[in-house]
Amino acid sequence: METEKGLISLEYQEHARQIFLTKLNLPSEFDDQNLVDQFLKEVLSTFDDERISVMPTSPEVAKFFKKNRNKYKNLLPAGISI
């Protein structure tokens, strides 16, 4: 996602029908948490209709999952809670 301060991106790895969200890349001195949340919502919406589990290994993404626990818990692998 392109912003006025630079590019927001998310690094990931796929393994055995699981997506590991490994690193959130933000422009230096970026402080718009609402825009980050919007970006993550867009990314996660692509997995709503998939049979793929999402594992948030990035601290920032895990924090987003905690904040939105009820909405995205169905994306987590069985037995995983954040």
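Heavy atoms only: backbone and side chains are in, while hydrogens, waters and symmetry mates are out.
- Between L7 and E2, the shortest heavy-atom distance links the atoms CD1-OE1, 3.7 Å.
- Here the straight-line distance linking atom CD of E60 with atom CG of L10 works out to 9.5 Å at 0.5 Å rounding.
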request  = Please test M55 against I80 for side chain to side chain contact (heavy atoms under 4.5 Å, CB included), starting from the C-alpha separation and ending with a verdict.
outcome  = CA-CA 9 Å; M55 191 65 192; I80 301 295; 3.9 Å; yes

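- Rounding to the nearest 0.5 Å gives a distance of 11.0 Å between CG of L75 and CG of N68.
- Contact check for F64 versus L44: side-chain heavy atoms found under the 4.5 Å cut-off.
- To the nearest 0.5 Å, the span separating CZ on R69 from OG on S81 amounts to 7.5 Å.
- Across all their heavy atoms, P56 and L76 have their closest contact at CD-CD2, 3.7 Å.
- Checking D37 against Q33 by side-chain atom types alone, a donor-acceptor pair falls below 3.5 Å.
- Closest approach of T22 and Y12 over heavy atoms only: OG1-N, 3.8 Å.
- Across N25 and K23, no two heavy atoms sit closer than the pair OD1-CE, 3.2 Å.
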query = Does the pair K5 and D32 meet the rule for a salt bridge (Lys or Arg N to Asp or Glu O under 4.0 Å), with working shown?
reply = CA-CA 10 Å; K5 294 186 177 183; D32 189 344; over 6 Å; no

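- Atom CZ of F30 and atom CG of L24 lie 9.0 Å apart (nearest 0.5 Å).
- Counting heavy-atom neighbours within 6.0 Å of Q13 CD, excluding the residue itself, gives a total of 12 or less.
- Between K67 atom NZ and L40 atom CG the span is 9.0 Å, to the nearest 0.5 Å.
- The nearest pair of heavy atoms linking K66 to I82 is CG-CG2, 3.3 Å.
- Rounded to the nearest 0.5 angstrom, F20 CZ and S58 OG are separated by 14.0 Å.
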